[in-house]
Every structure is written in C-alpha cells, then in structure tokens.
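Working notes, beginning with the structure itself.
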Amino acid sequence: QVHPVESGGGSVQAGGSLRLSCAASGYTLCMGWFRQAPGKEREGVAGIDRHGVTRYAESVKGRFTISRDNAKVTLYLQMNSLNPEDTAMYYCATTPNTACSGGVSVYEYTYWGQGTQVTVSS
C-alpha cells in the first residue's frame, strides 16, 4: 500500500505563494493534486504522468506548476498568485495503473494522502 504524505501548507495573503510537497513510495506511475473546500466536492488541481506530461484545472492554469522527482517519488505543487478561492485542504494522490494519464479526475487515483491545509487571506 502506498500512503502519500503532504506538507508545505499554511496561511498566506492573497497574491502570495506556497510550495506543497508530497512524499510517496512504492510503485507509482501517475500523481496528482486535488483540493476540497468546506461544503464542496473534491476537485482536481493538477496531474502528471510517468513521462512528466502535466494537466491542470482551468482555474489554476498559469498560476500553479506541478512537477515530480521520480527518484525520490516526490510530487510538488508550486502555487503562485494565490487567491482566497484557492483556500482548501490539498490532497496528493497516486496510482500504479499503467493506463493512467495523469489527469485531474479523482477516478484515476488509488492512494490518497491525509491532506495539507492551504488558507489564503484577502
């Protein structure tokens, strides 16, 4: 079983930046970041496949950058130009599925971390 562990969350003012990290282990092919705000459904933020091809939700495109270090089995999310709408619990997810595309659908992923809170103040 793979249990990703997120870190790097915190509180920041609007316009600020944060960098999230996700430490994973085991057989991982695709990885992604998701977020969930109170009263909202979990939504995809960004994903990356085994080759480094990335995908982003339209709401974060141009502001967030997802990357991975395959040797460390670590996922990153650089978040710039944060706004209050980005406030949420951010989750890292992984999957060993050879058919995965590194998309932003929750249905692609098998293993989930416990989340790290990101709070953006206006």
Side-chain angles (χ1 to χ4, degrees):
Q1 298 296 115
V2 179
H3 299 96
V5 179
E6 304 94 338
S7 62
S11 298
V12 65
Q13 292 184 327
S17 299
L18 285 172
R19 182 175 173 85
L20 306 183
S21 298
C22 169
S25 62
Y27 186 56
T28 298
L29 292 179
C30 294
M31 308 175 79
W33 287 101
F34 297 78
R35 66 187 183 187
Q36 188 168 22
K40 304 290 186 179
E41 297 294 322
R42 188 168 299 188
E43 64 176 354
V45 175
I48 187 166
D49 73 6
R50 69 182 72 80
H51 304 118
V53 177
T54 60
R55 306 177 80 93
Y56 297 92
E58 286 297 322
S59 60
V60 307
K61 194 171 297 183
R63 299 188 298 121
F64 292 8
T65 302
I66 188 172
S67 61
R68 66 188 293 170
D69 183 328
N70 291 332
K72 298 180 181 179
V73 198
T74 301
L75 182 70
Y76 304 97
L77 185 68
Q78 179 66 48
M79 305 185 294
N80 298 325
S81 301
L82 286 162
N83 59 63
E85 290 68 42
D86 297 314
T87 295
M89 185 73 75
Y90 282 70
Y91 299 90
C92 174
T94 69
T95 180
N97 192 335
T98 56
C100 68
S101 64
V104 292
S105 170
V106 297
Y107 301 108
E108 285 199 65
Y109 299 93
T110 304
Y111 303 106
W112 295 82
Q114 293 299 304
T116 184
Q117 179 67 39
V118 172
T119 301
V120 185
S121 301
S122 61

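The analysis underlying the following values was restricted to heavy atoms, covering all of them including side chains, and did not include hydrogens, waters or symmetry mates.
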**OP:** Mind checking the CG-OG spacing from Leu82 to Ser121? Nearest 0.5 Å is all I need.
**Re:** 11.0 Å
Original post:
If you take all heavy atoms of Ser17 and Ser81, which pair is closest and at what distance?
Top reply: OG-N, 4.3 Å
Original post:
Between Arg68 and Thr28, what is the shortest heavy-atom contact and its length?
Top reply: NH2-O, 3.8 Å
Original post:
Which distance, rounded to the nearest 0.5 Å, do you find between the CG of Asn97 and the CD of Glu108?
Top reply: 8.5 Å
**OP:** Indicate yes or no for a side-chain donor-acceptor contact from Gln78 to the backbone of Thr65 under 3.5 Å, with no hydrogens or angles considered.
**Re:** no
Original post:
CZ of Arg55 to OG of Ser105: how many Å apart, nearest 0.5 Å?
Top reply: 10.5 Å
Subject >> Atom pair OG/CG of Ser21 and Leu75 - distance to nearest 0.5 Å >> reply: 8.5 Å
Enumerate donor-acceptor pairs with a distance under 3.5 Å from any side-chain N or O in residues 29-40 to protein atoms, sequence neighbours excluded.
residue, atom, partner, partner atom, Å
Trp33, NE1, Tyr76, O, 3.2
Arg35, NE, Glu43, OE2, 2.8
Arg35, NH1, Asp86, OD1, 2.9
Arg35, NH1, Tyr90, OH, 2.9
Arg35, NH2, Glu43, OE2, 3.4
Gln36, OE1, Arg42, NE, 3.4
Gln36, OE1, Arg42, NH2, 3.4
Gln36, NE2, Lys40, O, 3.0

Subject >> Any Tyr109 side-chain heavy atom under 4.5 Å of Cys100 side chain >> reply: no
Original post:
When rounded to the nearest 0.5 angstrom, what is the spacing between OG1 in Thr98 and CZ in Arg50?
Top reply: 6.5 Å
Subject >> Any donor-acceptor pair under 3.5 Å from Gln117 side chain to Gly9 backbone >> reply: no
**OP:** Give the cluster check for Leu20 versus Met89: same hydrophobic cluster or not, with ILVMFWY residues linked at side-chain heavy-atom distances below 4.5 Å.
**Re:** no
Original post:
Quick one: are Arg63 and Asn83 in side-chain contact, heavy atoms under 4.5 Å?
Top reply: yes
**OP:** Take Asp49 and Ser101, measure what side chain to side chain donor-acceptor pair (under 3.5 Å) needs, and give me the verdict at the end.
**Re:** CA-CA 6 Å; Asp49 73 6; Ser101 64; over 6 Å; no
Original post:
Looking only at atom types and distance, does a side-chain atom of Glu6 sit under 3.5 Å from a main-chain N or O of Gln114, one as donor and one as acceptor?
Top reply: yes
Original post:
Is there any ring pair (Phe, Tyr, Trp, His ring centres under 6.0 Å) pair reaching into residues 43-73, and which pairs are they, with sequence neighbours excluded?
Top reply: none
Original post:
Judged by atom type as modelled, is there a donor-acceptor pair below 3.5 Å linking the side chain of Thr74 to the main-chain atoms of Lys72?
Top reply: yes
Original post:
What are the two closest heavy atoms between Gly10 and Leu18, and how far apart are they?
Top reply: O-CD1, 3.9 Å
Original post:
Nearest heavy-atom pair of Gly113 and Tyr91: which atoms, and what distance?
Top reply: O-CD2, 3.5 Å
Original post:
In Å, rounded to the nearest 0.5 Å, how long is the span from SG of Cys22 to CG of Asp69?
Top reply: 12.0 Å
Original post:
Are the side chain of Thr87 and the backbone of Val120 linked by a donor-acceptor contact shorter than 3.5 Å?
Top reply: yes
